[in-house]
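Residue numbers begin at 1 in each chain, while the letters A, B, ... track the order of the sequences.
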There are 2 protein chains.
Amino acid sequence: MSEKFSQKRTLSGVIAKLKTAGLRPTRQRIALAKLLFEPNDRHVTAEDLHKKAITASISVSLATVYNTLHQFTQKDLLREVVVEPGRSYFDTNTDDHHHFFNENTGSLEDIPSDQIFVSALPSAPLGTKVRRVDVIVRVEEAAD
Amino acid sequence: MSEKFSQKRTLSGVIAKLKTAGLRPTRQRIALAKLLFEPNDRHVTAEDLHKKAITASISVSLATVYNTLHQFTQKDLLREVVVEPGRSYFDTNTDDHHHFFNENTGSLEDIPSDQIFVSALPSAPLGTKVRRVDVIVRVEEAAD
DNA sequence: TCAATAGATTAGAACGGTTCTAATGAAGGA
DNA sequence: TCCTTCATTAGAACCGTTCTAATCTATTGA
Ligand SMILES: [Mn+2]
Ligand SMILES: [Mn+2]
Ligand SMILES: [Zn+2]
Ligand SMILES: [Zn+2]
């Protein structure tokens, strides 16, 4: 597969993905989607992604990065993961899964849902229904 | 049990608790501990507790509320619960347990650890050890 | 092809929860 | 009581995030 062709495929794939989600394929959204939707899943903060874009010479404002991350989340292209106060992570893996969170480094690692099992829960509080079950395994650097 | 006696018991109990933890029983810490360590477990934010104190005519600064919550957490009198970005909850229940989190109201409800079971996990990332496993069941108001 | 329009982007201000600073006050040991 | 250490405080600073309102761009249908 030539580089040009692979680039083209990525580009058209990204545009299709945006259109399918009902989002206009703007220069900024296309560029951010390309950074996000690489083969390997990623867990990024808004500022991570903004830095990454700037480094890649993609001119985009921080406000647009936030807008885009939230729109992608709303359209189920991303998932928001909350593990520490004052900072949101966005996850390119939208499958049902869980996380290891390293409290020393701030890094997130997926736990596929078939590698963990949460028993039947007590019933949800009256008048509510379960939207999602998040398991966060908090780890720390082991003492030597 | 007379009210005076019950008050005295609470006061001396609280002071003992602080001393045991290695914290000077100051006026502010005693007052906040009394608000926190009531029979029923609570999930409060710093601003919740500060308001509660002011309402109860306890003069204490917000900075001291934050200091105290963090000190209590460090001494294992409280546990921090992270469920939404930009706001920390402090939990008077320090036993191993999990939570329902109502995303509409922001309320937390305990799930005793014997009412939920998380299977053996995949091993923690290399060089790390598990500090805690948090299960957060996110619920929302049910449609009518 | 070209308005017209709806939607997107942007810089910078504002926001809200939290932390810091450095000055004052209180606890507790000698 | 005096002294040292620790705690409290008001207010400023901080920092991630959201808002504002001006500018720009994608889309569409004439
Ligand atoms: Mn990061
Ligand atoms: Mn609250
Ligand atoms: Zn993930
Ligand atoms: Zn709890």
Side-chain angles (χ1 to χ4, degrees), chain A residues 11-12 14-35 43-54 57-75 77-78 80-90 106 108, chain B residues 11-12 14-35 43-54 57-75 77-78 80-90 106 108:
Chain A
L11 177 60
S12 59
V14 158
I15 290 177
K17 192 165 190 163
L18 291 172
K19 282 191 172 159
T20 301
L23 296 169
R24 286 189 183 176
T26 63
R27 179 176 60 73
Q28 292 86 342
R29 293 206 274 231
I30 291 166
L32 294 175
K34 277 192 190 166
L35 290 181
H43 303 92
V44 301
T45 66
E47 308 209 326
D48 281 349
L49 182 59
H50 185 238
K51 271 202 202 83
K52 204 163 194 284
I54 298 304
S57 302
I58 295 160
S59 164
V60 59
S61 71
L62 183 56
T64 294
V65 171
Y66 275 104
N67 290 341
T68 301
L69 287 172
H70 287 140
Q71 290 151 358
F72 285 10
T73 300
Q74 194 149 17
K75 301 298 188 181
L77 305 180
L78 291 177
E80 194 173 355
V81 182
V82 179
V83 285
E84 45 182 9
R87 177 186 258 65
S88 263
Y89 290 77
F90 293 87
L108 278 168
Chain B
L11 178 60
S12 58
V14 157
I15 290 178
K17 192 164 193 165
L18 291 172
K19 283 189 171 162
T20 301
L23 295 169
R24 285 190 185 173
T26 63
R27 180 176 59 71
Q28 291 85 343
R29 293 207 275 231
I30 291 166
L32 294 176
K34 275 193 192 167
L35 290 181
H43 302 93
V44 300
T45 66
E47 308 211 325
D48 281 348
L49 182 59
H50 186 236
K51 273 202 199 84
K52 205 165 191 282
I54 298 304
S57 302
I58 296 161
S59 164
V60 61
S61 71
L62 183 56
T64 294
V65 171
Y66 275 103
N67 290 341
T68 301
L69 287 171
H70 287 141
Q71 290 151 357
F72 285 11
T73 300
Q74 194 148 16
K75 302 298 187 178
L77 304 180
L78 291 176
E80 195 173 353
V81 182
V82 179
V83 285
E84 44 182 9
R87 176 188 258 61
S88 263
Y89 290 77
F90 293 87
L108 277 169

| said: Any heavy-atom pair between the side chains of A:E47 and A:L62 that's under 4.5 Å? | reply: yes

| field | Any donor-acceptor N/O pair, B:H50 side chain to B:V60 backbone, under 3.5 Å | value | yes

| query | What pairs with B:K51 under side chain to side chain contact (heavy atoms under 4.5 Å, CB included), at least two apart in sequence or on another chain? | reply | none

| Given atom CZ of A:F72 and atom P of C:dA8, what is their separation to the nearest angstrom? | 11 Å

| Contact list for residues 15-31 of chain A, test side-chain hydrogen bond (donor to acceptor under 3.5 Å, both in side chains), sequence neighbours left out | A:R29-A:Q71

| How long is the line joining CG of A:L32 and P of C:dA8, in whole Å? | 14 Å

| field | Atom-pair distance (OH on A:Y89; C1' on D:dT17), nearest Å | value | 15 Å

| task | Tell me what B:P85 touches on the nucleic acid: a base, only sugar-phosphate, or nothing, going by heavy atoms under 4.0 Å. | result | nothing

| task | Could you tell me whether the phosphate oxygens of C:dT18, OP1 or OP2, come under 4.0 Å of any side-chain nitrogen or oxygen in B:H70? | result | no

| message | The criterion is side chain to side chain contact (heavy atoms under 4.5 Å, CB included); which residues satisfy it with A:A21, sequence neighbours excluded? | response | A:L23, A:K75, A:L77

| With sequence neighbours excluded, residues passing side chain to side chain donor-acceptor pair (under 3.5 Å) with B:Q74 | none

| Length of the line joining A:L69:CG and C:dA8:P, which is rounded to integer Å | 15 Å

| field | Between P of C:dG17 and CZ of A:R87, the distance in whole Å | value | 18 Å

| task | May I have the distance from A:L49 (atom CG) to D:dT17 (atom P), rounded to whole angstrom? | result | 12 Å

| When you check the phosphate oxygens OP1 and OP2 of D:dT17, does a side-chain N or O of A:Y66 lie under 4.0 Å from one of them? | yes

| request: Could you check how far NZ of A:K19 sits from P of C:dG7, rounded to whole Å? | output: 17 Å

| remark: Expected string for nucleotides 3-10 of chain D under the B/S/- scheme (protein heavy atoms, under 4.0 Å, primed atoms plus P, OP1, OP2 as sugar-phosphate) is --BBSSBB

| task | Answer with base, sugar-phosphate or nothing: what part of the nucleic acid does B:H50 contact at a heavy-atom distance below 4.0 Å? | result | nothing

| task | Check side chain to side chain contact (heavy atoms under 4.5 Å, CB included) between A:V81 and all other residues, then give those that pass, not counting sequence neighbours. | result | A:V83, A:Y89, A:D91, A:H99, A:L108

